[in-house]
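In what follows, a structure is listed as structure tokens, so that the remarks can point back to it.
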Amino acid sequence: MNIALHLIAKAAQEGRLAHLLLFHGGSAPERLQAGLEIAQRLNCHHPEQGPCGSCPSCKKILSGNHPDIEILRPAKTSLGIEQILSWQERVYRKHFEGKYKVFILEEVDKLTIPAANALLKVIEEPPERTIIILSTQNAEVLLPTIQSRAQKVYFPLRGEQEWLESLRDTVNPDEAREAFRLSCENPELAYEILTLGVVKVREWLKGFEEAVTERDFLKLFPLFPLEKKEAEIYLQILALKTGREEKVNPQHLLALNKALEQVQMQASPRLVVEGLALKLFA
């Protein structure tokens, strides 16, 4: 049992929940599910059953149609100031029908500095009966001023069987198992692999590794075009895989981490991957 999450649920049931929660660790679907359950507990028509799952409020939350519950995700590669300012306006609107407004902000590790400062203004003076849940695998990248104001709930990384069980009836178990293997047992990355497509990820990695092994620059051409998010996923997999090798080549690992950093800093994915391949040829 996740004791911290259990205490959070109990606080929600008793109407004494902190206005700012920080869910970190685990996987994105697991954190989202926990956030939606908190929203249900706060707005259920039969709170003594907590939550009942069958009242109009619970059903609307589960279907994504409750006007007082919102999930905010990065519109692009980052969670920028314009998106946060637009969200800020909605935070201060009156409740439509729920007892509480609940906002779940996913991938908050992608907040830009201006966006993080705008978010800080909201959490310093939150509206009444409003709960904000920040969700990320890595909480350490958030501003210390945001972390210090939040009640943290850590979701431990799951083993393969437990992770597969959490996805039961939602994805093909064979694909989920391969995604977990490709991610080097990282649930968050495994989920991103599933979203992108296991076959697509596997074929790209195979093509890149063949090009590097054979030192054939021309074999890189079929790997493009390449979106930023795709490049991030591929480079994370390669870095994790390289780091687990019996005889780790520190120069290769350094090159992979540098390439990932460049992509995250908005460098051209194609130029980064081509430059990485040249370094790995050596």
Side-chain angles (χ1 to χ4, degrees), residues 2 4-5 8-9 11-12 17-43 57 60-96 98-155 187-189 191-192 195 228-229 232 264:
N2 188 326
L5 187 58
I8 289 291
L17 187 64
H19 76 275
L20 181 65
L21 304 175
L22 175 54
F23 288 180
H24 62 112
S27 64
E30 183 182 13
R31 297 192 302 269
L32 177 58
Q33 182 181 351
L36 292 175
E37 184 175 328
I38 293 296
Q40 284 182 290
R41 285 183 180 277
L42 292 170
N43 290 290
S57 179
K60 284 184 179 180
I61 291 171
L62 287 177
S63 64
N65 294 316
H66 197 293
D68 291 314
I69 312 300
E70 180 180 338
I71 301 168
L72 184 70
R73 300 181 176 92
K76 298 179 181 178
T77 56
S78 62
L79 198 52
I81 180 65
E82 291 184 1
Q83 198 172 356
I84 291 298
L85 290 178
S86 175
W87 167 78
Q88 187 176 25
E89 293 180 5
R90 299 192 295 278
V91 171
Y92 287 99
R93 291 175 185 168
K94 292 183 178 179
H95 294 64
F96 286 94
K99 302 173 192 174
Y100 284 83
K101 289 189 293 183
V102 179
F103 296 92
I104 303 173
L105 278 61
E106 295 200 311
E107 299 183 69
V108 290
D109 54 302
K110 295 182 179 178
L111 280 164
T112 62
I113 295 300
N117 288 326
L119 172 64
L120 189 58
K121 292 180 181 178
V122 177
I123 62 180
E124 285 177 338
E125 299 180 7
E128 62 175 7
R129 293 185 294 118
T130 297
I131 306 297
I132 299 171
I133 301 175
L134 308 179
S135 176
T136 178
Q137 187 181 52
N138 182 13
E140 298 308 312
V141 301
L142 295 178
L143 292 178
T145 46
I146 292 179
Q147 293 188 51
S148 64
R149 286 167 170 76
Q151 183 171 352
K152 292 184 178 181
V153 179
Y154 175 68
F155 292 76
E188 188 87 348
L189 182 56
Y191 180 71
E192 291 183 336
T195 302
K228 176 182 179 293
K229 185 62 178 178
E232 281 191 71
Q264 291 171 337

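Start at 1 with the first residue, then count along the sequence.
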So, the side chain of Asn65 versus the backbone of Lys60: is there a donor-acceptor pair under 3.5 Å, distance only?
no
Audit row: Leu143, Leu119, side-chain contact (heavy atoms from CB on, under 4.5 Å) steps and yes/no
CA-CA 11 Å; Leu143 292 178; Leu119 172 64; over 6 Å; no
Write down the atom of Gln147, the atom of Glu140, and the distance for their closest heavy-atom approach.
NE2-O, 3.6 Å
The reported gap from CD in Gln264 to CD in Glu232 (rounded to nearest 0.5 angstrom) is 5.0 Å
Establish, from distance only, whether the side-chain atoms of Thr145 and Arg149 form a donor-acceptor pair under 3.5 Å.
no
Output yes when a side-chain donor or acceptor of Ser86 lies under 3.5 Å from a complementary backbone atom of Glu82, and no otherwise.
no
If I compare all heavy atoms of Phe23 with all of Gly35, which pair ends up nearest, and what's the gap?
CE1-N, 3.7 Å
First locate atom CD1 of Ile104, then atom CD1 of Ile132, and finally report the distance between them rounded to the nearest 0.5 Å.
12.0 Å
Do any N or O atoms from the side chain of Ser148 and from the backbone of Ile146 form a donor-acceptor pair under 3.5 angstrom?
no
As a test of understanding, state which of Leu105, Leu36, Val102 forms a side chain to side chain contact (heavy atoms under 4.5 Å, CB included) with Ile71.
Leu36
Closest approach of Leu79 to Ala115 (non-hydrogen atoms, all atoms of both residues)
O-CB, 3.2 Å
Would the number of heavy atoms belonging to other residues, nucleotides or ligands and lying under 6.0 Å from CD of Glu124 be above 12?
yes
Rounded distance (nearest 0.5 Å) linking atom CG of Leu111 with atom CG of Leu120:
11.0 Å
Can you name the nearest heavy-atom pair linking Lys121 to Tyr92, along with the distance?
O-OH, 4.3 Å
Tell me whether Glu37 is salt-bridged to Arg41, with the criterion being a basic N under 4.0 Å from an acidic carboxylate O.
yes
What one should report as the nearest heavy-atom pair of Arg93 and Glu89 is CG-O, 3.4 Å
Under 3.5 Å donor-acceptor, Glu106 side chain and Leu32 backbone:
no
Should we say atom CD of Gln88 is surrounded by more than 12 heavy atoms from elsewhere, each under 6.0 Å from it?
yes
Any sub-3.5 Å donor-acceptor pair from His66's side-chain atoms to Ser57's backbone N or O?
no
Answer yes or no: is there a donor N or O on one side and an acceptor on the other, between the side chain of Asn43 and the main chain of Lys99, under 3.5 Å?
yes
Minimum heavy-atom separation for Val153 and Phe155, please, with both atom names.
O-CD1, 3.6 Å
Exam field: side chain Ser78 to backbone Thr112, donor-acceptor pair closer than 3.5 Å:
no
Give me the one residue out of Leu134, Val91, Leu72, Ile131 that meets side chain to side chain contact (heavy atoms under 4.5 Å, CB included) with Phe103.
Val91
Would you check if the side chain of Arg31 reaches a backbone N or O of Gly25 as a donor-acceptor pair within less than 3.5 Å?
yes
Roughly how far, to the nearest 0.5 Å, is the CZ atom of Arg129 from the NZ atom of Lys94?
11.5 Å
With distance as the sole test, does Gln83 use its side chain to make a donor-acceptor pair with the main-chain N or O of Ala75 at under 3.5 Å?
yes
